[in-house]
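Below is one structure, written out as structure tokens; the observations come after it.
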Amino acid sequence: MKTAVVTGAASGIGLAVARRFLQEGYRVCGMSRRESSPIAHENFHYIPGDISVASDRQRLISASEQIDVLVNVAGVAPKVRADLLEMTEESYDHVMDINLKGTFFLTQLAANKMKQQRSGYICNISYM
């Protein structure tokens, strides 16, 4: 059975992506910052966590013997939407840590595993 790893799997696009992979017969490992699993399915393994945290990224990648597909959906908006001249460093760091840094280093972990497997696909989904 093929395995898909999906970030942001607790709601919205990430949840829809996870459900679709399950319909297609995949095993799915999903991560989101919510504590409880959004899907009750024998082939869905939910890992609460935050991709901006290195140990959480490692737990997600380690949860699968193989990774056939990584779908990066997790993303956040600024804590307070503000004009460029008013944005705080804290708000900027929050967005960048999840949307860029977390996604980049999770992709790096998955790509290294895929390289060892000699196969795999990566899809990045971004939205505003």
Side-chain angles (χ1 to χ4, degrees):
M1 179 179 293
K2 291 185 176 184
T3 301
V5 173
V6 181
T7 66
S11 64
I13 295 169
L15 179 57
V17 168
R19 286 182 173 150
R20 183 56 190 228
F21 274 110
L22 290 168
Q23 288 174 354
E24 296 295 324
Y26 280 70
R27 178 180 308 113
V28 176
C29 286
M31 179 174 273
S32 180
R33 293 182 298 162
R34 294 191 183 164
E35 287 301 315
S36 60
S37 177
I39 299 173
H41 190 286
E42 64 186 16
N43 291 325
F44 184 72
H45 180 65
Y46 183 70
I47 301 166
D50 184 336
I51 65 167
S52 71
V53 177
S55 60
D56 287 355
R57 294 190 300 265
Q58 186 61 56
R59 279 188 311 115
L60 179 58
I61 296 303
S62 297
S64 298
E65 287 183 31
Q66 69 179 39
I67 300 172
D68 298 289
V69 182
L70 167 63
V71 183
N72 288 304
V73 184
V76 296
K79 290 181 178 184
V80 175
R81 292 201 183 260
D83 183 270
L84 173 67
L85 300 175
E86 298 167 0
M87 178 181 269
T88 66
E89 190 169 341
E90 176 189 10
S91 182
Y92 177 88
D93 287 344
H94 173 70
V95 171
M96 294 301 157
D97 284 350
I98 293 172
N99 296 5
L100 295 177
K101 179 183 167 188
T103 297
F104 177 88
F105 285 108
L106 178 64
T107 299
Q108 182 184 64
L109 288 170
N112 279 313
K113 193 166 195 169
M114 290 173 178
K115 182 178 175 184
Q116 292 173 345
Q117 298 168 180
R118 303 180 62 97
S119 68
Y121 298 92
I122 297 169
C123 176
N124 295 313
I125 298 175
S126 175
Y127 52 94
M128 297 289 291

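Below, all heavy atoms of this structure are taken into account, side chains as well, without hydrogens, waters or symmetry copies. This structure is a prediction, so every number in the text was calculated from the model and none was measured. Sequential numbering from 1 along the given sequence is applied to the chain's residues.
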Should we count CD of Glu65 as having more than 12 external heavy atoms under 6.0 Å?
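Counting neighbours around CD of Glu65, 12 or fewer heavy atoms of other residues, nucleotides or ligands fall under 6.0 Å, so no.
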For atom CD of Glu89, is the number of surrounding heavy atoms from other residues, nucleotides or ligands below 6.0 Å larger than 12?
no
Same cluster or not: are [X] and [Y] linked, directly or through other Ile, Leu, Val, Met, Phe, Trp or Tyr residues, by side-chain heavy atoms under 4.5 angstrom apart?
X: Val69; Y: Ile13; value: yes
X: Leu22; Y: Val73; value: yes
X: Ile51; Y: Ile67; value: yes
X: Leu70; Y: Leu60; value: yes
X: Leu106; Y: Ile125; value: no

List, by chain and number, the other hydrophobic cluster members for Tyr92, where Ile, Leu, Val, Met, Phe, Trp and Tyr join if side-chain heavy atoms come within less than 4.5 Å, directly or indirectly.
Met87, Met96, Leu100
Asn72 and Thr107: side-chain donor and acceptor closer than 3.5 Å?
yes
For [X] versus [Y], what's the shortest heavy-atom pair and its separation?
X: Ala10; Y: Leu15; answer: O-CD2, 3.9 Å
X: Val28; Y: Ala18; answer: CG2-O, 3.8 Å
X: Ile98; Y: Gly75; answer: CG2-CA, 4.3 Å
X: Gly30; Y: Ala9; answer: CA-CB, 3.8 Å
X: Val76; Y: His94; answer: CG2-NE2, 3.7 Å

In Å and rounded to the nearest 0.5 Å, what is the OH to CZ distance from Tyr26 to Arg20?
11.0 Å
Contact check, side chains of Leu109 and Lys113, non-hydrogen atoms, under 4.5 Å:
no
If you look only at distance, which donor and acceptor atoms sit under 3.5 Å apart when one is on a side chain in residues 38-48 and the other is two or more places apart or in another chain?
{"residue": "His41", "atom": "ND1", "partner": "Asn43", "partner atom": "N", "Å": "3.0"}
{"residue": "Tyr46", "atom": "OH", "partner": "Ser32", "partner atom": "O", "Å": "3.3"}
{"residue": "Tyr46", "atom": "OH", "partner": "Arg34", "partner atom": "O", "Å": "2.6"}

